[in-house]
Every structure is written in structure tokens, then in C-alpha cells.
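These notes are about the structure you will find just below.
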Amino acid sequence: MPELPEAETIVRALRSRLPGARVERVSVRHADVLAPDLTPRRLASRLRGRRIEDVTRRGKNVVLVFEDELRLVINLGMTGRVVTTDAPRAAEMRHVAVRFELDDGRAILYDDIRRFGCLDLRDAEGWHRRDAELGLEPLSDAFTPESLWALTRGSTTPIRNFLLDQRRIAGVGNIYANEALFRAGIRPTRRSHRVTRREASALRDHLRDVLQESIDNRGTTISDYRDAFGESGGFVQWLRVYDRAGEPCVVCGTPIRRVVLTNRSAFYCPVCQR
DNA sequence: AACGCGCCCTGTCCGC
DNA sequence: TGCGGACAGGGCGCGT
């Protein structure tokens with residue numbers, strides 16, 4: 001569920017409220033959200049007494065940076081939420097998997113209805129390895145028209161699938177992949193290496209635009225996404241194709257189509273996207 | 001070895 | 001009203 005804009009919205013709120021606080025106690029209610037080699041006991045013992053220094057994002061991951069370069073890396077999966085208990089909406093979290101009690105009386109809740117999310121603990125070296133597995137940050141200077149063109153040329157998979165691969169570009173999920181392809185006039189089923197240089201350049205620009213616009217609207221809530229205050233995002237009203245099968249294209253009026261690519265829906269206008 | 005598929009899990013919605 | 005099936009912002013491990 002949460003893609004880059006949703007993770008970024010959460011990170012911005014946490015960054016202004018968490019640094020300086022210390023973890024006093026960790027309680028794990030659903031151990032299946034922990035990384036395979038991470039036990040509840042080890043998570044608790046390594047975080048107990050540690051101070052939060054910063055909160056950052058990499059791709060769709062929310063990263064709590066502790067003293068001594070220790071990082072709690074949170075992948076939200078489809079329904080993961082990170083909410084602090086001082087938010088009025090915190091009481092609505094009914095699927096809390098992990099609770100981090102802080103020394104200031106607050107707690108951080110990791111809530112996850114479907115429990116597809118994953119919490120991992122990484123030291124400096126372990127984080128370096130994880131970071132290297134992830135692709136370009138689409139909002140960074142390194143994500144240039146040339147860099148996207150170079151990547152698309154080397155792949156035969158449909159461009160929608162290409163955009164979802166976190167090893168190439170980190171942070172794009174199904175909503176923003178479909179929205180950016182609509183804006184760029186490229187059909188989701190097009191093989192990546194058939195995307196022209198000019199189209200790759202437009203796709204790069206539109207991807208950055210749609211991600212930034214969504215961040216400005218605090219992300220997209222279809223049903224489950226909530227920010228760090230437990231509030232919904234406001235970008236859903238600006239979606240042009242995602243989840244709009246049968247509705248008229250905002251440009252030409254043709255009904256939007258839905259197709260399934262590797263078990264996931266893709267949405268497009270058959271006239272505007274070639 | 002890049003790519004597609006099935007699966008993890010809970011909740012909601014739709015047709016019968 | 002109940003029941004079964006399809007579907008949902010993701011990602012891993014497996015086969016080919």
C-alpha cells in the first residue's frame with residue numbers, strides 16, 4: 001500500500017516529533033512482522049535505552065536512526081502504519097503488531113492489518129548492504145532522463161512491472177506507476193525496451209511530478225493508509241486512472257480500462273496511451 | 001538470469 | 001442474511 005509519498009509523509013511527521021526520545025520498552029504482539037532472523041527478545045534488548053537521532057526514508061522504507069548508527073528499517077507492506085500515541089486517532093489502531101514505549105510517556109505503534117510489513121534492525125554495515133540493493137531515488141538528482149532511458153533499454157518486462165521493481169527505482173508502487181504512465185502517454189503493457197528516449201524523458205518528469213504532488217497532498221488513501229497522526233491522505237481525488245476502470249478519461253472521455261499484469265491491476269486510457 | 005507466478009494475511013464488496 | 005469468490009498501496013522464494 002504505502003508507496004514513496006505515503007512513507008515520506010510519515011517520515012516528515014515523525015522527524016519533527018521523535019528525535020531525542022529514548023525507547024524504554026518494546027512489546028511484540030505479532031512476531032511475524034519481524035525480519036526472519038530478528039527475534040522479539042533481540043529487538044527489545046538492542047533498542048532498550050537507545051535514543052532516536054533521526055527519521056529518514058529510502059524508497060518505501062521508513063528508517064528510524066538510533067545512536068551508534070543502529071537503524072530500525074520499517075517496510076509497511078500493504079497495510080502497515082506507524083502512529084504515535086499522542087495523536088487522537090491512535091486509539092483507532094486495532095491491529096498493533098509492535099509497541100515501542102518512549103521515555104517521554106508516548107509510544108510508537110506499528111499497526112498492520114494484513115501483516116505483510118516487515119521490521120528489520122540493521123547496524124551500519126547491514127544498512128549499507130540493504131541500501132545497495134535498492135535502486136535510484138526518483139526525486140534525487142541522480143534520477144535523470146538518461147539514467148531512466150539506460151534502465152528501460154535493458155529490460156523486456158512490461159513498463160508497469162519495470163516501475164515496480166525496487167532494485168531499479170526505489171519507491172514507486174502500483175498507484176504512481178499507473179498514474180505516471182498515463183501522464184506520459186505510455187500503455188502499461190508496453191515492453192520497457194520499446195519506450196523511446198523521448199518517452200523515457202517524459203516518464204521521468206511525470207513520475208517526479210506525481211510523487212511530489214502526492215506528497216504535497218499527504219499521500220493517497222484508498223482504504224487503509226494512515227499517516228503518523230492516523231489521518232488519511234488527500235491525493236485520491238487527483239488520481240486519473242488508478243482504480244477508475246469504466247470511468248471516462250479526464251482528457252478524451254474514453255472509458256478507462258483495467259488489465260491484469262502478473263496478478264496486479266493496471267489501468268490506462270486506450271486512446272491516450274500507446 | 002530475467003521474468004512470471006503463487007503465496008503470505010485480513011477485510012470488504014459483490015453476486016447469488 | 002449468509003456464503004463464496006475476487007480483489008486490495010508489497011515483496012519474497014521458487015521455478016523456468
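A quick note: this is a predicted structure, and the numbers were derived from the prediction, not measured. Letters A, B, ... mirror the listed sequences (proteins, then strands); counts begin at 1.
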Check: Could you state the OH-C1' distance from A/Y225 to B/dT10, rounded to the nearest angstrom?
Finding: 20 Å
Next item on the list: Would you name the heavy atoms of A/K60 and A/P2 that are closest together and state the gap between them?
Entry: CD-O, 3.8 Å
Next item on the list: Check whether any side-chain nitrogen or oxygen of A/T156 sits under 4.0 Å from OP1 or OP2 of B/dC3, and answer yes or no.
Entry: yes
Item checked: Separation of C/dG11 C1' from A/M78 CE (nearest whole Å) -> 10 Å
Notebook entry, point to check: Whom does C/dG9 pair with, Watson-Crick or G-U wobble, provided both distances fall under 3.5 Å?
Noted result: none
Note to self: Under 4.0 Å from OP1 or OP2 of C/dG9: is there any side-chain N or O of A/Y242 that close?
What the structure shows: yes
Next item on the list: Could you check A/V260 against A/Q166 and say which one's nearest nucleotide on DNA chain C is further toward the 5' end?
Entry: A/V260
Notebook entry, point to check: Starting at the 5' end of DNA chain B and moving along, which residue's nearest nucleotide shows up first, A/R114 or A/L261?
Noted result: A/L261
Notebook entry, point to check: Between atom CZ in A/R264 and atom P in B/dC5, what is the gap in whole Å?
Noted result: 13 Å
Margin query: Between A/Y225 and A/S232, is there a side-chain donor-acceptor contact under 3.5 Å, judged purely by atom types and distance?
Written below: no
Check: Is any side-chain N or O of A/H95 closer than 4.0 Å to OP1 or OP2 of B/dG11?
Finding: yes
Checklist line | Under 5.5 Å and under 30°: A/F116 stacked on B/dC9 | finding: no
Next item on the list: Could you pick out which residue, A/N263 or A/D165, lies toward the 5' side of DNA chain B when each is mapped onto its nearest nucleotide?
Entry: A/D165
Item checked: C1' spacing across the pair C/dA6 / B/dG6, given as an integer number of angstrom -> 16 Å
Item checked: Distance, rounded to the nearest Å, where A/M93 contributes CE and B/dT10 contributes C1' -> 16 Å
Notebook entry, point to check: Does C/dG9 fall in syn (glycosidic angle within 90° of 0) or anti?
Noted result: syn
Next item on the list: For C/dG15, give its Watson-Crick or G-U wobble partner with both distances under 3.5 Å, or none.
Entry: B/dC3
Next item on the list: Please report, rounded to the nearest Å, how far the C1' atom of B/dC3 is from the CZ atom of A/R191.
Entry: 10 Å
Check: Quick one: A/L164 CG to B/dC3 P, roughly how many Å, whole number?
Finding: 13 Å
